[in-house]
Structure formats: structure tokens, C-alpha cells
Participant: 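Before we start, here is the structure in question, set down as C-alpha cells.
In each ligand, atom 1 is the first atom listed, and ligand 1 is the first ligand listed. Everything quoted here is computed from the prediction, not taken from an experiment.
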Amino acid sequence: MRMEPAIRGGVHMAQRHDSAHKHVTGEAEYTDDIVEPVGTLHAYLGLSERAHAEIVAMDLEAVRAAPGVVDVFTAADIPHNDVSPVGKNDDPVLAAGKVEFLGQPVFAVIAETRDEARRATKLAKVEYRDLPHVTDVAEAIEAGYPFVTDPLKLERGDVAAAMAAAPRRLKGRMRVGGQDHFYLEGHIAFALPGEDDEVTVYSSTQHPSEVQHMVGHVLGVPSNAVTVIVRRMGGGFGGKESQPSLFAAIVALAAKKWGRAVKIRPDRDDDMTATGKRHDFLNEYEVGFDDEGRVLAVDASFAARCGFSADLSGAVTDRALFHADNAYYYPAVRLVSKPMKTNTVSNTAFRGFGGPQGLIIGERIMEEIAYALGKDPLEVRRANFYGGPGRDVTPYHQTVTDSIIDKVVDELVASSDYAARRRAVLDWNAKGGVIRKGIALSTVKFGISFTATWYNQAGALVHVYNDGSIHLNHGGTEMGQGLNTKVAQVVADVFQVDLDRVKITATTTAKVPNTSATAASSGSDLNGMAAQNAAEQIKDRLVDFAAEQHSVEKDQVVFEPNMIRIGNRRVSFDELIREAYLGRVHLSAAGFYKTPDIHWDRAAGKGRPFYYYAYGAAVSEVSVDTLTGEYVVDRVDVLHDVGRSLNPAVDKGQVEGAFIQGMGWLTTEELWWDDKGRLRTHAPSTYKIPLASDRPAIFNVKLADWSVNREATIRRSKAVGEPPFMLPISVLEALSMAVASVADYRECPRLDAPATPERVLAAITRLGGW
Ligand code: MTE
Ligand code: HPA
Ligand code: MOS
């Protein structure tokens with residue numbers, strides 16, 4: 001055991017986000033804040049007015065003649081017109097010959113000012129020949145629309161036989177809505193031309209290496225000509241995993257052609273219309289179960305509105321299947337995905353990456369069984385948790401060896417006083433008033449690792465300068481989640497120096513190559529390990545040097561808080577570094593990490609795609625006005641597992657933020673396309689994210705501080721970014737309970753998501769309330 005840590009900001013300590021003060025004061029530099037060189041040009045996109053049409057003619061003369069316009073690009077001006085992140089060649093930068101959704105970029109205007117570029121786009125005359133279009137997933141299935149990518153099937157056991165033999169069966173379907181990312185900072189890219197084939201692009205991206213490769217591909221230059229830099233994003237939430245490439249490609253192309261800096265920043269409406277969102281799903285399930293409420297068989301399909309191209313929809317719909325079991329064991333199971341093509345914007349990653357849309361079916365199945373048997377849904381959940389041998393294999397044949405869901409739920413049930421409060425809710429509703437209450441406990445088990453196994457690698461670069469200050473760079477990107485703070489804590493801890501000695505620097509493809517997206521919640525798992533590896537290399541060299549220099553054994557060189565003990569001497573970190581520099585010790589190292597022991601055979605539907613699972617549970621209580629469908633969330637209690645937290649303050653913030661964002665997804669955030677295929681909810685006036693006033697009146701969030709990752713992750717922590725996003729399913733099911741009370745809980749109200757007040761009122765009416 002180490003002594004009380006005396007360094008400031010070490011690992012496992014609550015430490016504020018390194019940029020928190022700057023976020024609040026406005027001093028944090030985002031891409032749009034970078035000082036523009038003289039002569040910077042501005043680009044703006046002209047968008048399709050049709051959902052599906054051939055482009056018959058395009059008259060851009062008035063655009064070219066507009067004040068300030070320098071250039072207009074169409075598909076013909078793009079050397080390699082594709083930014084598909086999965087190599088499907090189905091994501092044109094600018095539409096060529098036809099458009100496949102309303103809002104698709106068709107041309108780009110380059111002008112002296114942003115306002116001039118934006119105004120000029122309105123002067124285009126595009127002649128379309130309409131083709132039949134489909135925007136909705138059910139319509140797409142009916143119309144025989146194709147899949148955008150290969151579907152997945154997961155199967156274990158004899159489903160047909162188990163279903164037939166089950167004493168009870170039920171079938172249901174659930175529509176699960178999509179979601180706009182609503183990052184505070186929208187998409188933006190800023191390119192500076194260099195000499196020969198070189199270009200530097202500042203991009204608000206979670207995936208600088210992909211932007212680098214895509215810009216290189218579009219321009220027809222090798223990756224070594226392109227440098228992508230991002231200091232921070234004003235939120236990404238998955239919306240900046242694949243979507244930034246298009247913007248980066250446009251400005252890089254214009255910058256090279258004109259030899260001037262070029263920036264692009266769409267308005268919020270255009271950002272919402274032209275860039276991908278969370279997939280909405282249409283899920284259908286049949287479940288066989290016994291009189292105790294134990295599941296015997298599950299047969300389910302998951303159809304997603306993917307939009308016009310594949311983008312990341314394959315991996316997103318795969319992850320939906322990977323989470324359809326949630327924390328529950330299905331003895332026989334068959335799950336299939338249907339990644340449907342539609343004439344809408346190509347949907348993309350969003351916190352949970354399809355997991356939430358699958359996991360919600362696991363939770364809905366528990367509710368369905370409880371209503372069918374007249375039981376407390378918590379009892380049904382408990383009866384179905386993954387257990388020991390015989391009840392521990394997932395639909396994808398990975399064995400669950402680390403389940404702590406029972407302990408998490410037991411502790412939360414006690415701390416939230418669930419049993420007494422449920423009795424009180426039932427009593428309240430029995431009085432038959434207008435205001436009805438509901439309470440529900442839901443759980444989360446979320447698999448950590450990219451299911452594309454090769455993505456589970458990371459690099460870092462650490463320099464120690466000869467004044468003893470430390471420069472940290474790694475392949476991850478900061479989007480508000482506190483990744484940089486956590487990785488810096490790891491490095492400070494290795495050297496046993498105060499955190500403020502470690503300078504966090506912008507992510508750039510020139511320092512760490514071939515990085516993965518900062519996604520799948522794995523940023524700190526991967527980059528924390530890579531940075532630790534780099535720091536330890538330097539530390540090892542310092543130990544060797546000091547031992548030799550002072551003629552002591554290596555174990556006599558000990559890094560103590562802000563001091564190094566060498567035999568019976570003690571020197572400051574600065575002194576040691578100075579000596580080491582003069583002794584010509586290499587004070588820089590590149591670190592690397594790859595997640596061990598994971599593998600996945602997609603064709604067989606078998607493997608160990610996840611290194612480990614993160615667990616959590618929440619109890620939510622709501623009040624519903626049964627005359628209007630309006631509701632409030634009265635109280636939420638959360639217990640969430642982050643293993644041994646690297647930074648409990650940042651992790652708690654992640655849990656709180658994820659809960660509120662997930663609550664928005666399930667309650668007020670609704671995307672709506674009209675029959676022309678136009679997204680009508682493209683601004684805060686029509687798209688309602690949670691307000692501060694929508695916060696639960698009582699919001700008790702706790703980390704399971706006893707949890708330790710059984711795998712050797714960075715300091716035994718667990719990933720935190722996405723798993724808590726699914727905890728507010730408890731809010732949806734609490735709303736269901738309040739609704740069900742108008743019909744004495746005889747049936748599951750099957751609330752679709754989002755459960756807007758309109759949908760809640762419709763369900764009350766359907767059940768015969770009032
Ligand atoms: N938190 C903030 N503040 N902003 C974000 O954009 N993105 C989420 C989550 N938390 C996000 C966030 C998503 S989608 C992921 S995958 C993780 O953070 C990514 O960061 P990590 O892997 O470092 O946790
Ligand atoms: N999660 C998030 N992003 C991804 C994944 C994943 O599993 N796979 C590819 N990109
Ligand atoms: Mo997060 S959806 O994996 O960027």
C-alpha cells in the first residue's frame with residue numbers, strides 16, 4: 001500500500017476538469033476562436049430541396065455573380081468524391097447526379113465573408129426530377145428498400161422449441177426515437193494551405209486520423225501531407241465521429257486551390273438538417289416465459305432508420321443486438337438487425353451507439369412480463385439477472401464473468417427506499433386522483449470495447465523538458481468528458497508530480513498517428529494506458545540513470561511525491577531531470593496500448609467482443625397529469641459502476657450529464673419529418689432538449705465506490721461516457737406505471753419513445769382513462 005498520496009491531482013482524486021474555468025469564462029479556445037490569417041475565405045453549403053431526385057440541371061450563374069463570391073464547387077470539382085467512413089463509396093461530399101435526402105449538400109460556395117457565402121447559396125436554381133422516396137423505417141420495409149449494410153444475426157439455443165414449450169408467451173413492438181446531438185459547438189473546419197501538397201486542418205472531430213485520411217483521399221494526396229488538429233470540441237456525443245470529414249474536405253480543397261485559409265461553419269438549422277443523428281428503431285419481440293416471470297426464449301428484430309448511406313450503421317445496429325439482453329439471461333434467443341435504407345440524412349454514432357435502442361427492449365420485456373403476471377417489475381428483473389454457470393452466456397456467446405448487478409441493485413433498492421416508495425405510489429394512485437405517480441427501477445450492463453476489434457489501440461507521446469515540465473499528447477480527443485484531465489492525472493501519478501506540471505496539448509495527427517475515434521467510452525481506457533506506458537518508459541530510464549550515477553541499486557531509486565529518493569539522498573524532480581539531461585538521457589517517449597483478450601467473429605456471431613462490462617441502476621419517480629399528459633420527474637436515485645474511478649468528480653458529472661441527455665431522448669426530444677422528407681424539427685424552437693428546470697427535483701447520484709475492475713484496465717477503472725445514458729429508461733417505465741394506473745395496471749401501456757406529453761395522453765386515452 002502506498003502512503004496517502006501527497007501530489008496534487010493524482011489518480012483516484014476528485015479533480016476539476018482542466019478547462020472548467022475557461023469553459024465558464026469563455027477563454028477556452030474552440031476552432032472558431034482561432035485567429036484568422038488575413039485573407040481567410042469562408043465556405044457555405046447549398047443543400048438539396050428534395051428527398052430523392054435526379055438533378056436535371058443546375059444553374060449557378062447568379063451564385064457565382066453574387067457579391068464576394070470567389071468560387072463555387074460541385075461534385076465535378078471534387079477529385080475523389082467520397083467520405084464514407086467504412087469504404088462503401090456511398091457518401092459523396094457533394095451530390096453527383098442525384099440527391100438522396102432533403103438537406104444533402106449539393107454545392108459549396110467560397111466567398112470573402114461567411115455572410116456572403118451563405119446568402120449566395122440561396123440564388124441557385126436546381127432543376128430536379130423527383131423519384132419515389134421513403135423516410136420512415138416501417139415504410140422502407142414495406143417498400144422493399146435495401147439494407148445499407150449487411151444485417152447481423154445472433155442466435156443461441158433452439159428458439160422455436162423453447163418458445164413453443166413456454167407456458168406463457170407475448171409479442172410486442174416498440175418504436176424508439178432518434179435524437180439530435182445538439183452539441184453546443186456545431187460542425188466546423190478551418191484549413192490552412194501549406195507548401196507542395198500539404199494542408200493543415202483544424203476540425204471539430206472525435207476522429208482526427210479519419211479526417212486526415214479522408215482529406216487525403218478527397219484531395220488525392222497521401223496522409224503524410226495532411227495534418228489534423230483539435231484542441232477541444234464543444235461536445236461531440238458521437239456526432240463528430242464520422243461526420244466532420246465532409247466539412248474538412250471542402251475547406252481543404254478550397255484552401256489548396258486558392259492558397260488562402262478557408263473556414264466553414266453551418267448554421268444550427270443546416271447542421272441539424274445535413275448531419276446524421278441517433279438512429280430511430282422499430283423493434284419487434286416475442287418472449288416466452290414461465291409463471292415466475294423467468295424468460296425462456298426471446299425472438300426479436302431491430303429495424304433502424306439508417307438514412308441514405310451506410311456510415312456507421314452496421315456497427316450501430318450490431319451494438320443494438322449486443323445490448324438487447326441487457327443484464328438478463330435469455331436461455332434461447334434469436335436477434336436480427338435490419339439496417340434500413342431511407343431517404344433521410346445518414347444516421348450515425350450517438351452516445352451508446354445503438355446500444356440504448358437495443359437495451360430498451362430488454363427492459364421493456366421485463367415490464368411486459370411483470371404486467372402480464374401482476375408482479376413488481378423489480379422482482380421480474382431480479383429473477384432474470386445473469387448468474388453463475390448455466391445462466392451466464394450472452395446471445396453472442398461471451399460468458400459474463402464480472403456481473404455485479406445484484407449488488408448494485410440491492411444497494412440502490414435500500415438507499416432509494418424503493419419498496420416503501422412503491423407502496424406509497426400504489427396507495428396514492430388508488431385514491432383515483434388526476435395526478436398519478438409512477439416509480440421504476442431499471443438496470444444497465446454495457447459492453448466496453450469497440451466491436452471492430454482493431455480500433456482498440458492507442459498511442460501517446462510524452463516529453464519531459466529539461467526544466468522539469470512535462471508535455472502530454474495522446475490520440476484521444478477532448479469533447480467535455482474530461483479525458484485530458486484523467487490522462488494527465490495518470491502521467492502525474494507515474495512521475496509523482498503535481499498535476500499542474502503536466503501540460504495538456506491539442507490532439508494532432510502529427511504527434512500520434514493512426515488513432516481511433518474517441519468513442520465507445522474507451523478514451524481513458526485506451527489513451528490512459530498508452531500515456532502510462534510512455535511515462536513509464538521515461539521513468540525507467542531515469543531510474544537506470546540515477547542508480548548508475550549514484551551507485552545504488554535500482555530499487556533504491558524511489559519516486560516520492562514531488563521528490564526522488566536515491567539511496568539516502570533526496571532530490572527534487574527538477575534536479576533529477578537536469579542531471580539526466582546533462583547525462584544525455586532520452587526524455588521523450590511514445591507509448592502504445594492495445595486491449596488484450598478480445599476477438600469477434602461476426603459471420604459466426606460468436607466471440608468475446610467486450611473486455612468487460614460496466615453496470616448501473618436507477619430508480620425514478622414521476623408525477624403525471626392525466627388530463628394533459630404533462631409530467632415531472634420528482635426524484636431519481638442512481639448507483640453507477642465506474643470501477644475504481646480515475647476521477648470521481650469528472651465521473652459523477654458524466655453520470656449526471658448522461659442521465660439528463662438520456663432523459664431528453666426518452667421524453668421531449670422528437671425528430672419529425674414531413675411527407676416531403678423535410679426535417680421539421682431543426683432548431684431549438686421545435687426540438688426540445690431538457691432545460692435546467694427539467695432536472696429531477698431530487699437527484700441522488702452515487703458511484704459504486706467498492707467496485708474494482710477485475711480486468712487490468714488503467715488503475716482498475718471502468719469506462720463511464722456512455723453506460724449511464726441508459727439509466728433514464730427508468731423514467732420511461734415510471735411514466736408507464738403512472739399511465740397504467742388508470743386501468744388498474746391490467747396491461748403494459750407500451751409507451752413508445754419519446755414519451756412526449758402527447759404520447760402519454762394518447763396512452764391514457766387508449767387505456768380508457770377519463
Ligand atoms: N461528455 C461530454 N461532456 N461531451 C461529449 O461529447 N460524449 C460521450 C461521452 N461523454 C461526450 C461526453 C460519448 S458519445 C462518448 S463515446 C464518450 O464521452 C467519449 O469519451 P471517453 O471515451 O473519453 O469517455
Ligand atoms: N462504438 C463507438 N464507435 C464505434 C464503434 C463502437 O462500437 N465501432 C466503430 N465506431
Ligand atoms: Mo460515442 S457514440 O461512442 O462517440
Participant: Within a distance under 4.0 Å of any heavy atom of G236, pick out the atoms of ligand 1 and give their elements.
Facilitator: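 Checking each atom against G236, I get 5 (C), 6 (O).
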Participant: Heavy-atom distances under 4.0 Å are what count here, so tell me which part of A520 touches ligand 2: side chain, backbone, both or neither.
Facilitator: both
Participant: At less than 4.0 angstrom from any non-hydrogen atom of A520, what atoms of ligand 1 do you find?
Facilitator: 16 (S)
Participant: Checking side-chain hydrogen bond (donor to acceptor under 3.5 Å, both in side chains) against Y612, which of T595, D525, T401 comes through?
Facilitator: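 The residue from T595, D525, T401 that satisfies side-chain hydrogen bond (donor to acceptor under 3.5 Å, both in side chains) with Y612 turns out to be D525.
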Participant: With no hydrogens and no angle check, just 3.5 Å: does a side-chain donor-acceptor pair link D269 and H682?
Facilitator: yes
Participant: Supply the atom-to-atom distance I689 CD1 to D180 CG, rounded to the nearest 0.5 angstrom.
Facilitator: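 Here the interatomic distance stands at 9.0 Å.
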Participant: Taking the ring of W665 and the ring of F350, is the distance between their centroids below 6.0 Å?
Facilitator: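 Ring centres of W665 and F350 not closer than 6.0 Å.
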Participant: So is L483 polar-close to ligand 1, meaning N/O to N/O under 3.5 Å?
Facilitator: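 No, since none of the N or O atoms of L483 sits under 3.5 Å from an N or O of ligand 1.
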Participant: What pairs of donor and acceptor atoms, side-chain ones from residues 300-314 against any protein atom, are under 3.5 angstrom apart with sequence neighbours left out?
Facilitator:
from, atom 1, to, atom 2, distance (Å)
R305, NE, D280, OD1, 2.8
R305, NE, D280, OD2, 3.1
R305, NH1, T135, O, 2.6
R305, NH2, D280, OD2, 2.6
S309, OG, D91, OD1, 2.8
S309, OG, D91, OD2, 3.4
S309, OG, S346, OG, 2.7
D311, OD1, S242, OG, 2.6
D311, OD1, Q243, NE2, 3.3
D311, OD2, S242, OG, 3.4
D311, OD2, T348, OG1, 2.8
S313, OG, H279, NE2, 2.8
S313, OG, A310, O, 3.1

Participant: Short list, please: which atoms of ligand 2 are under 4.0 Å from a heavy atom of A519?
Facilitator: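 Close to A519: 2 (C), 3 (N).
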Participant: How about N283 and Q357: does a side-chain donor come under 3.5 Å of a side-chain acceptor?
Facilitator: no
Participant: Using a 4.0 Å heavy-atom cut-off, say whether A520 meets ligand 3 through its side chain, its backbone, both or neither.
Facilitator: backbone
Participant: Within the 4.0 Å heavy-atom shell around G238, which atoms of ligand 1 are there?
Facilitator: 14 (S)
Participant: At a non-hydrogen distance cut-off of under 4.0 Å, which region of A658 contacts ligand 1 (side chain, backbone, both, or neither)?
Facilitator: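 It is neither part, as no heavy atom is under 4.0 Å.
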Participant: Which atoms from ligand 1 have a heavy atom of A519 less than 4.0 Å away?
Facilitator: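 Listed by number with element: 16 (S).
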Participant: Quick one: which of H23, Q654, R232 has a heavy atom closest to atom 1 (N) of ligand 1?
Facilitator: Q654
Participant: Using a 4.0 Å heavy-atom cut-off, say whether A719 meets ligand 1 through its side chain, its backbone, both or neither.
Facilitator: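 Looking at A719 and ligand 1, no heavy atom falls under 4.0 Å.
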Participant: Closer than 4.0 Å to some heavy atom of A519 - which atoms of ligand 3 meet that?
Facilitator: 3 (O), 4 (O)
Participant: Does some non-hydrogen atom of S521 fall short of 4.0 Å from ligand 1?
Facilitator: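 The answer is yes: ligand 1 sits under 4.0 Å from a heavy atom of S521.
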Participant: Nearest non-hydrogen atom to atom 14 (S) of ligand 1 belongs to which of M479, R351, E478?
Facilitator: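 That would be R351.
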Participant: Evaluate the ring planes of Y183 and H181, with Trp represented by its six-membered ring, and classify them as parallel (under 30°), tilted (30 to 60°) or perpendicular (over 60°).
Facilitator: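 Taking H181 first and then Y183, their aromatic rings lie parallel (interplane angle under 30°).
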Participant: Looking only at protein heavy atoms, identify the closest one to atom 17 (C) of ligand 1 and say how far it is in Å.
Facilitator: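 Answer, as residue, atom name and distance: G721 CA, 4.1 Å.
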Participant: Verify whether one side chain among T443 and N326 offers a donor that lies under 3.5 Å from an acceptor in the other.
Facilitator: yes
Participant: Of all the atoms in ligand 1, which lie at a distance below 4.0 Å from a heavy atom belonging to G480?
Facilitator: 2 (C), 3 (N)
Participant: Within less than 4.0 angstrom of ligand 2, does L312 place any heavy atom?
Facilitator: no
Participant: Strictly by modelled atom types, are D325 and Y386 linked by a side-chain donor-acceptor pair under 3.5 Å?
Facilitator: yes
Participant: Is the shortest N/O to N/O distance between R351 and ligand 3 below 3.5 Å?
Facilitator: no
Participant: Check each atom of ligand 3 against the heavy atoms of F350 and keep those under 4.0 Å away; list them by number with element.
Facilitator: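 Near F350, meaning under 4.0 Å from one of its heavy atoms, ligand 3 has 2 (S).
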Participant: Using the ring-ring contact (aromatic ring centres under 6.0 Å, His included) rule, pick out the option among F353, F450, W600 that qualifies with Y455.
Facilitator: F450
Participant: In terms of atom number and element, which parts of ligand 2 are under 4.0 angstrom from non-hydrogen atoms of T451?
Facilitator: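 Those qualifying, in numeric order: 7 (O).
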Participant: Which atoms of ligand 1 have any heavy atom of G235 under 4.0 Å away?
Facilitator: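 So the answer, numbered in order with elements, is 6 (O).
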Participant: Compare F610, Y455, F350, F353 and give the one whose heavy atom is closest to atom 6 (C) of ligand 2.
Facilitator: F353
Participant: Taking atom 20 (O) of ligand 1 as the point of reference, which of Q481, Q206, E722 owns the nearest heavy atom?
Facilitator: Q481
Participant: What residue and atom, counting heavy atoms only, is the protein's closest point to atom 10 (N) of ligand 2, and at what distance?
Facilitator: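 Looking at atom 10 (N) of ligand 2, the protein heavy atom closest to it is E241 OE2, 2.7 Å.
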Participant: Are F610 and Y396 close enough that their ring centres sit under 6.0 Å apart?
Facilitator: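 Yes, close enough.
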Participant: Evaluating non-hydrogen atoms only, which member of F353, F237, F350, Y183 is closest to atom 5 (C) of ligand 1?
Facilitator: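 The nearest heavy atom belongs to F237.
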Participant: Can you tell me which residue and heavy atom of the protein come closest to atom 7 (O) of ligand 2, and the distance to 0.1 Å?
Facilitator: R319 NH2, 3.1 Å
Participant: May I ask you to check whether over 12 heavy atoms, not counting those of R644, lie within 6.0 Å of atom CZ?
Facilitator: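 12 or below, so no.
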Participant: Tell me the protein heavy atom at minimum distance from atom 1 (Mo) of ligand 3, and give that distance in Å.
Facilitator: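 Here the closest protein heavy atom is E722 OE2, 3.6 Å.
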Participant: Over all heavy atoms of both residues, which pair between T394 and R156 is shortest? Give the atoms and the distance, please.
Facilitator: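 Closest approach of T394 to R156: O-NH1, 3.1 Å.
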Participant: Please list the nearest protein heavy atom to atom 4 (O) of ligand 3 with its residue and the distance rounded to 0.1 Å.
Facilitator: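 Ranked first by proximity to atom 4 (O) of ligand 3 is Q206 NE2, 2.8 Å.
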Participant: Say whether S209 and N514, considering side chains only, have a donor N or O and an acceptor N or O under 3.5 Å apart.
Facilitator: no
